[in-house]
Amino acid sequence: MDKMIVQPSGALNGSVKTSGAKNSSLPILFSSLLAEGEHTFHNVPHLKDIESTCELLNLLGAETLREGTTLKVKVKRPERMQADYDVVRKMRASILCLGPLLAQYGEAVVSLPGGCAIGTRPINLHLDAMESLGAQMKVEKGFVLAKAPKLVGSTILFENATVGGTENLMMAASLAEGTTIIENAAKEPEIVDLANYLNKMGAKVSGAGTSIITIEGVEKLKPAEHLIIPDRIEAGTLLIAGAITGGEVRVEDCMPEHIESLIQKMKESGFKITKDKTSVTVHPCQSWQGVDITTAPHPGFATDLQAQYMTLMTQAEGTSVITESIFENRFMHVQELTRLGADITPKTRVAVVRGHKGELQGAPVMATDLRASACLVLAGLVAQGETTVNRIYHLDRGYEKLEDKLTSLGAKIKRAKE
Ligand code: UD1
């Protein structure tokens, strides 16, 4: 297992490019199951979660071929429409094969993902949505069994604006008979990216990016080609890396409008941030204020940037209140930040951070989930002495070459074996 050793690094400076979005790539790769033949995707990041997706697509009969950031997926009818626990436990997003398999082949067997570090993360809304389209759903011996000789469009109101649920339903409804309307749909940029790819394949999806999405089912889809959007969470993390070290970092190849809520909060805190169409720059700042955030569905403050923002707030002047409204257990990083000397009081869904610039002390810490790992690396950049972040495999699930990108900006960081 790898670990990351981070030394106090001084101000990071320079330009750094954003990779393709993990959370767009995953549903879009699974959507290829809706059309047999060769799909071509560009700007697909090199990540463990992408490898797990390819592994599952391979098990489902597809061939995957990588050339740099281009990934070709050759889809053919699977022998078994089954996603086993071995793959699903590695990546919860495996549930996204449910909708495509069911719509295209009339059946799907997908292992239940189980719990994870950031909470119970149920999939009931995915299952209810498939049922609303007429599928027979059963949960047996740890597997979801879904059958539907034919899916029929319906109106579905999501109780929570679920990202994965909206994606699964959009994919299934694309091949259903008649029209499906999703109310209280998730509005994340990744939903729009998936809708764009479905439409390239011949689907009729409209309204993606708003809370009502309409899908007119079609009989058949065909493979297409697509450029994945930039990763907004990576862009935000790199921006915070520049900010927390008091440096000037320009994050390129990103879509600043996708991280507007972060940019607003950082400006409120005292940072000068400039942007153009595809890049955003944080300018040197020596002192910033504590500013509260509450995570919310897009365009609100992304839960996937909460941990990194919390690290930034440990170095602010004054107090900030961080409220996590999406997941019930997403403060696992608080304990680790506290080990580094941060002054944070966590309650169930609220954490009070009392900022003290320069008071973090390097120590061995443990990454508990993907975004928590990133927040510990950020803390290591400004802590006094060496910080060792163990269990870095979490980071590799979602950040492409983070240590190389940070090193190119002047960070003192290296990977080692645990
Ligand atoms: C996606 C992202 C993840 C991000 C999250 C919220 C991917 C691969 N992952 O996860 O990085 O943190 O959106 O922006 O895109 N819920 C239910 N029942 C369900 C489904 C969800 O109750 O069937 C609840 C969840 O517990 C959570 C909320 O709805 O409280 C939102 O979860 P959801 O948007 O579904 O997250 P994911 O799609 O799993």
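We count ligands from 1, going down the list as the structure has it; atoms in each ligand are counted the same way.
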*Using side chain to side chain contact (heavy atoms under 4.5 Å, CB included) as the criterion, point out the one residue from L340, I413, I5 that pairs with T387.*
L340
*Is there a donor-acceptor contact under 3.5 Å linking the side chains of T237 and Q308?*
yes
_With nothing but distance in play, are any N or O atoms of K22 less than 3.5 Å from an N or O of ligand 1?_
no
_So for ligand 1, is N23 a polar contact partner (N or O within less than 3.5 Å, distance only)?_
yes
_Heavy atom of P122, distance to ligand 1 below 4.0 Å_ = yes
*Would one find an N or O of T162, backbone or side chain, under 3.5 Å from an N or O of ligand 1?*
yes
*Using a strict 4.0 Å cut-off to heavy atoms of T303, name the atoms of ligand 1 that fall inside it.*
6 (C), 12 (O), 14 (O)
*Considering residues at least two apart in sequence or located in another chain, which fulfil the side chain to side chain contact (heavy atoms under 4.5 Å, CB included) criterion with R77?*
E36, M81, Y105
*asked:* Only heavy atoms of G164, strictly under 4.0 Å: list the atoms of ligand 1 that pass.
replied: 35 (O), 38 (O)
*Please determine which of E252, E400, E234 meets the salt bridge (charged side-chain N to carboxylate O under 4.0 Å, His left out) test together with K17.*
E252
*Decide whether an N or O pair under 3.5 Å exists between L125 and ligand 1.*
yes
*Heavy-atom closest pair, residues T180 and A173*: OG1-CB, 3.4 Å
*Does K138 have any salt bridge (Lys or Arg N to Asp or Glu O under 4.0 Å) partners at least two apart in sequence or in another chain, and if so, which?*
E140
*Run the salt-bridge test on E190 and R232 with the 4.0 Å N-O cut-off and return the result as yes or no.*
yes
*Any idea which atoms of ligand 1 are less than 4.0 Å away from a heavy-atom of R330?*
12 (O)
*Would you mind listing which atoms of ligand 1 come within a distance below 4.0 Å of any non-hydrogen atom of I326?*
27 (C), 30 (O), 31 (C)
*Within less than 4.0 angstrom of ligand 1, does Q306 place any heavy atom?*
no
*At a 4.0 Å cut-off, with the gap strictly under it, does some heavy atom of H126 reach an atom of ligand 1?*
yes
*Compute the centroid of each ring, for F41 and then for Y197, and state whether the two points are separated by less than 6.0 Å.*
yes
*Of the choices I191, D304, V163, which has the non-hydrogen atom that lies closest to atom 33 (P) of ligand 1?*
V163
